[in-house]
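Worksheet: one structure, shown below.
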Protein chains: 2
Amino acid sequence: MTETVSRPTLEAVAARAGVSRATASRVVNGGDGVREPLVERVRQAVEELGYVPNQAARSLVTRRHDAVAVVIAEPETRVFADPFFGLQLRGISKELTAHDSQLVLLLTEGRDDHARVGRYLAGGHVDGALVFSLHLDDPLPELIHGAGVPTVFGGRPGWGDGTRDTAAPVYVDSDNRGGARAAVRHLVALGRTRVAHITGALDQTSAVDRLDGFRDVMADADPRLVVEGDFTPAGGERAMRELLDRCPDVDAVFAANDLSAAGALRVLRERGRRVPDDVAVIGFDDMLPVAEQTDPPLTTVRQDIEEMGRLMARLLLRDLDRRTAKERAVRGPSDVVLPTTLVRRASA
Amino acid sequence: MTETVSRPTLEAVAARAGVSRATASRVVNGGDGVREPLVERVRQAVEELGYVPNQAARSLVTRRHDAVAVVIAEPETRVFADPFFGLQLRGISKELTAHDSQLVLLLTEGRDDHARVGRYLAGGHVDGALVFSLHLDDPLPELIHGAGVPTVFGGRPGWGDGTRDTAAPVYVDSDNRGGARAAVRHLVALGRTRVAHITGALDQTSAVDRLDGFRDVMADADPRLVVEGDFTPAGGERAMRELLDRCPDVDAVFAANDLSAAGALRVLRERGRRVPDDVAVIGFDDMLPVAEQTDPPLTTVRQDIEEMGRLMARLLLRDLDRRTAKERAVRGPSDVVLPTTLVRRASA
DNA sequence: ATGAAAGCGCTAACAA
DNA sequence: TTGTTAGCGCTTTCAT
């Protein structure tokens, strides 16, 4: 409204309350060790003046920023093709908000941006980072891990399980393997004997884990029943065609995600197979706009995306608080693997 | 890596380069008015020390933050149910990155958060804001507009068109009305004479504008051919049923978005109407995971979401630069309405 | 329990 | 062109 009217400083608040700047500061930051009447007067002044602390000045001395970076690598690919990251962001946002922390979003478009992100994180602009790594060979996660910024990863990174000497990263993930097992067991319980799997892009740990889950249950399955997909509808179509050609007797399909399941569904219809009568189909994700719109609606494995985000933030914040409190790391934050649930619709 | 080793300051750089802090600062900020040899030496020192400016200290004196807030209201509803906001964010991110600005994401969950967001923006933590307002009666946009922070809105806000005395907000929007006109004209060109419209949630300007577009072409249409929907598949189903009951002779439907079109499609199939033979259907958005997965694939009106985001950011940044340069606002940033294009698939 | 004072790291007058 | 210096607004010892 008013033209560039400089906002009130702590000094102003102190003056109005008739106390020193130090006391005003104490009250603003919780008010410990300040006698009640003074606390009240300062609060009053803050209110009347509409005082808001200058975060820059505060950060300058505390070296804290009350901000966390969320790094999402390669949005091109898959990100934002589905509600996945949106939900994740929502979970993260809620948790950060409750903790009075800000969310700084860093989207990268391939390698060129790695340096930028690395510089930003190493530059100490934020207290920590939440990083989503999609590909096994993505150098970004490790780069970030090495930047010395407290970090929690979304989804199991493709390294750090003893594969390398570097410290293992902390991450939050869905129980991809367990979810896959549940899906396949469901198909088996349905009496299906020729259960196939359309994998996801195998350069992503989630795809690998789901494949492992499939194999846990179908250890001695006909290898021709496993076809590589890529998480896309087109990949699902291609895989389904290949599957029908190779094994015409297939009677169930577990697709690595809903999108490829949708593709498979289309090919099945086109080939005259009834779902679920002839072939039962299960997806993964429970990506609503897809799973509910397919014909028939898709039975699928749901992961609680929003909760994943919330947990990532919680893990990071806990770590940050601990460092601040200088508690000698009682116990470093440990990985969290969230359970998945089978959602039954009409396709299986 | 190393334990809390404090990062080098400008002072250190200056010392190493054998110049004053002021000169070092000049070089770091572009190096105007510094002789080449010195520039080189400072650059060298920056490189060797791995110096990164302390943004807090810088902001404290410049009162600039090189950060922009992106406010997305009520993610519950529709946001993140589709890739819409993800794409928008991507466009915004690209533009901000190119301008060395950071993206601070503010997600709100209803009224409770309004105060928080208002405080944050009024608190002068960011240089400007990009705001998405979905509902006509959302108080947030106006609240923000009044907070004195340079702002650009995404989507036409439901006020400021002379409706009130307040200054009109600057916004970027898709040509909802024009897109709707194109869709309906296409149906008419197809020879359809009983063209219906399933509206979106009419508390959103986009829905209103699309309805207006429909009416532009079908000025004298049977009023029973317009049914209120709500942008959801369920709403689309309900509306389609109503439509078929009221006007069994309907031969074309323009749905306010792809999701409701998908719902309509399902009801049409269920009622044994062939698409597009008996009834042609057109959606809006070109929301890929839906539009390409429906049966038949959906003809729809595409809006360039990412470009919208990019433009919003560009508009805001231009405004910010102008203020900084103290150029007396030669011309305030003006609204931008992006064109839409009809994407033909099989449904119409 | 409160206040006085010393910076945090940087930019921007102003001098030289 | 370069250096000197005075803060930006805040937290935090250290006295009192």
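Just so it is clear: chains get the letters A, B, ... in the order the sequence lines come, proteins before strands, and each one is counted from 1.
Between A/Glu11 atom CD and D/dG9 atom P there is a gap of 10 Å when expressed in whole angstrom units. Between B/Leu10 atom CG and D/dG7 atom P the separation is 20 Å, expressed in whole Å. We find that CZ of B/Arg21 is positioned 11 Å from P of C/dG9, with the value rounded to whole Å. Remark: P of D/dC10 and NE2 of A/His65 are 17 Å apart, rounded to the nearest angstrom. The distance from atom CZ of A/Arg64 to atom P of D/dC10 is 16 Å, rounded to the nearest whole Å. The CZ-C1' distance, from A/Arg35 to C/dG3, rounds to 14 Å in whole Å. As rounded to whole Å, 16 Å separates atom P of C/dG9 from atom CD of A/Gln55. Atom CG of B/Asp32 and atom C1' of C/dA12 are 14 Å apart (whole Å).
When heavy atoms are screened at a 4.0 angstrom cut-off, B/Arg63 is found touching the sugar-phosphate backbone but no base atom. Contacts of B/Val19 with the nucleic acid, taken as non-hydrogen atoms under 4.0 Å apart, involve only primed sugar atoms and P, OP1 or OP2.
Between A/Asn29 and D/dT11 there is a side-chain polar atom (N or O) within less than 4.0 angstrom of OP1 or OP2. In this structure, B/Arg58 reaches the C/dT11 phosphate: one of its side-chain N or O atoms is under 4.0 Å from OP1 or OP2. Remark: B/Thr9 is not in phosphate contact with C/dG9, judged by side-chain N or O atoms under 4.0 Å from OP1 or OP2. Considering only side-chain N and O atoms, B/Thr23 lies under 4.0 angstrom from the phosphate OP1 or OP2 of D/dG3. Between A/Thr62 and D/dT11 there is no side-chain N or O to OP1 or OP2 distance below 4.0 Å.
Annotation for B/Val104 and B/Tyr120: closest pair CG1-OH, 3.6 Å, computed over non-hydrogen atoms.
Checked by atom type and distance alone, the side chain of A/Ser59 pairs as donor or acceptor with a backbone atom of A/Gln55 at under 3.5 Å. The closest donor-acceptor contact from the side chain of A/Asp127 to the backbone of A/Val68 lies at 3.5 Å or more, if one exists at all.
Listed nucleotides D/dT2, C/dG9, D/dT11 differ in distance to B/Val61; the shortest reach to its side chain belongs to C/dG9. Comparing C/dT2, D/dG9, C/dG3 against the side chain of A/Ala22 picks out C/dG3 as the nearest.
If you check distances only, the side chain of A/Arg7 never reaches the base of D/dG9 with a donor-acceptor pair under 3.5 Å.
When side chains are defined from C-beta on, B/Leu96 does not count as touching B/His99, because their heavy atoms never get closer than 4.5 Å. Taking 4.5 Å as the limit, every side-chain heavy atom of A/Leu130 sits out of range of all side-chain heavy atoms of A/Val71.
Nearer to the 5' terminus of DNA chain D, by closest-nucleotide assignment, is the contact made by B/Pro37 (compared with the other of B/Pro37 and B/Leu60).
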